[in-house]
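Numbered from 1 within each chain, the chains take letters A, B, ... in sequence-line order. Basis for what follows: all heavy atoms, side chains included, without hydrogens, waters or symmetry-related copies.
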Amino acid sequence: DQQVKQNSPSLSVQEGRISILNCDYTNSMFDYFLWYKKYPAEGPTFLISISSIKDKNEDGRFTVFLNKSAKHLSLHIVPSQPGDSAVYFCAAKIQGAQKLVFGQGTRLTINP
Amino acid sequence: DSGVTQTPKHLITATGQRVTLRCSPRSGDLSVYWYQQSLDQGLQFLIQYYNGEERAKGNILERFSAQQFPDLHSELNLSSLELGDSALYFCASSPQSGGQETQYFGPGTRLLVL
């Protein structure tokens with residue numbers, strides 16, 4: 001039972017354009033969502049998070065949008081840079097619980 | 001650099017053997033989490049320790065065990081290893097436990113069981 005889904009295994013975007021990564025979840029008890037970036041041979045690096053009481057959070061080039069009614073969140077990267085090429089994981093947490101539930105990841109490639 | 005350290009970076013061993021993976025959390029963090037990432041899989045939660053005590057358990061096999069020591073470093077012990085245990089093992093840490101906290105990940109240990 002995959003509670004967090006990233007349906008696009010890969011995404012290719014031109015440098016300077018917007019990258020939009022999507023994530024869907026099924027458990028309405030999730031109240032905290034995070035995005036991580038992962039380079040090969042490295043651990044996941046925290047990017048940005050959002051609480052379920054918000055619908056948008058912004059940090060520099062990164063913005064996360066949360067649509068609770070649709071159980072959907074997205075990560076926008078503007079403008080996209082070559083260094084953004086990595087695998088992006090969406091993760092979610094149930095209030096009071098300890099573990100993060102991860103999606104399968106989306107490989108983002110930024111083309112020059 | 002997240003501040004979480006893991007050793008060793010790579011480990012190659014044979015089926016039936018036992019290995020120990022080590023993790024040091026960020027300075028001041030009391031919680032340590034262990035995750036497994038197998039080929040083509042997302043990260044799967046194994047177990048969490050908070051200030052020396054087991055706090056939560058996930059999909060951890062009985063052959064696997066962990067502990068957190070008084071200096072807050074943690075070890076994950078994998079025994080009677082099977083080919084399917086080959087994976088990346090990540091440790092993460094956070095300041096407390098259970099709240100809306102970010103978990104910061106170490107670089108991982110790549111385990112290959114031959």
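- At a threshold of 4.5 Å between side-chain heavy atoms, the hydrophobic network of Ile, Leu, Val, Met, Phe, Trp and Tyr places B:Leu78 and B:Ile47 in one connected group.
- Of all residues spanning residues 84-95 of chain A, those with a heavy atom less than 4.5 Å away from chain B's heavy atoms are A:Phe89, A:Lys93, arranged by number.
- Tracing side-chain contacts under 4.5 Å through hydrophobic residues (I, L, V, M, F, W, Y), one never reaches A:Leu11 starting from A:Ile18; they form parts of separate clusters.
- Of residues 56-76 of chain B, those residues lying under 4.5 Å from chain A by any heavy-atom pair are B:Ala56.
- No path of Ile, Leu, Val, Met, Phe, Trp and Tyr side chains, each step under 4.5 Å between heavy atoms, connects A:Phe33 with A:Tyr36, placing them in separate hydrophobic clusters.
- In this structure B:Phe45 satisfies the ring pair (Phe, Tyr, Trp, His ring centres under 6.0 Å) test together with B:Tyr35, sequence neighbours excluded.
- Within residues 100-114 of chain B, the residues that have a heavy atom under 4.5 Å from a heavy atom of chain A are B:Gln100, B:Glu101, B:Thr102, B:Gln103, B:Tyr104, B:Phe105, B:Gly106, B:Pro107, listed by number.
- For chain B, the nearby parts of A:Leu100 are the backbone and the side chain; heavy atoms of each come within less than 4.5 Å.
- Ranked by heavy-atom pairs under 4.5 Å with chain A, the list B:Leu43, B:Val4, B:Leu88 is led by B:Leu43.
- With chain B as partner, the option from A:Pro44, A:Gly43, A:Ala97, A:Pro9 having the largest number of non-hydrogen pairs under 4.5 angstrom is A:Pro44.
- Other residues, nucleotides and ligands contribute at most 12 non-hydrogen atoms within 6.0 Å of the NZ atom of A:Lys5.
- Cluster membership for A:Ile48 and A:Tyr32, using ILVMFWY side-chain heavy atoms within less than 4.5 angstrom, is not shared.
- Enclosure of atom CZ in A:Arg17 is not indicated, since only 12 or fewer non-hydrogen atoms of other residues, nucleotides or ligands lie within 6.0 angstrom.
- Residues A:Leu75 and A:Leu34 do not share a hydrophobic cluster, defined by chaining ILVMFWY side chains whose heavy atoms lie under 4.5 Å apart.
- Heavy-atom distances place both the backbone and the side chain of A:Gln98 under 4.5 Å from chain B.
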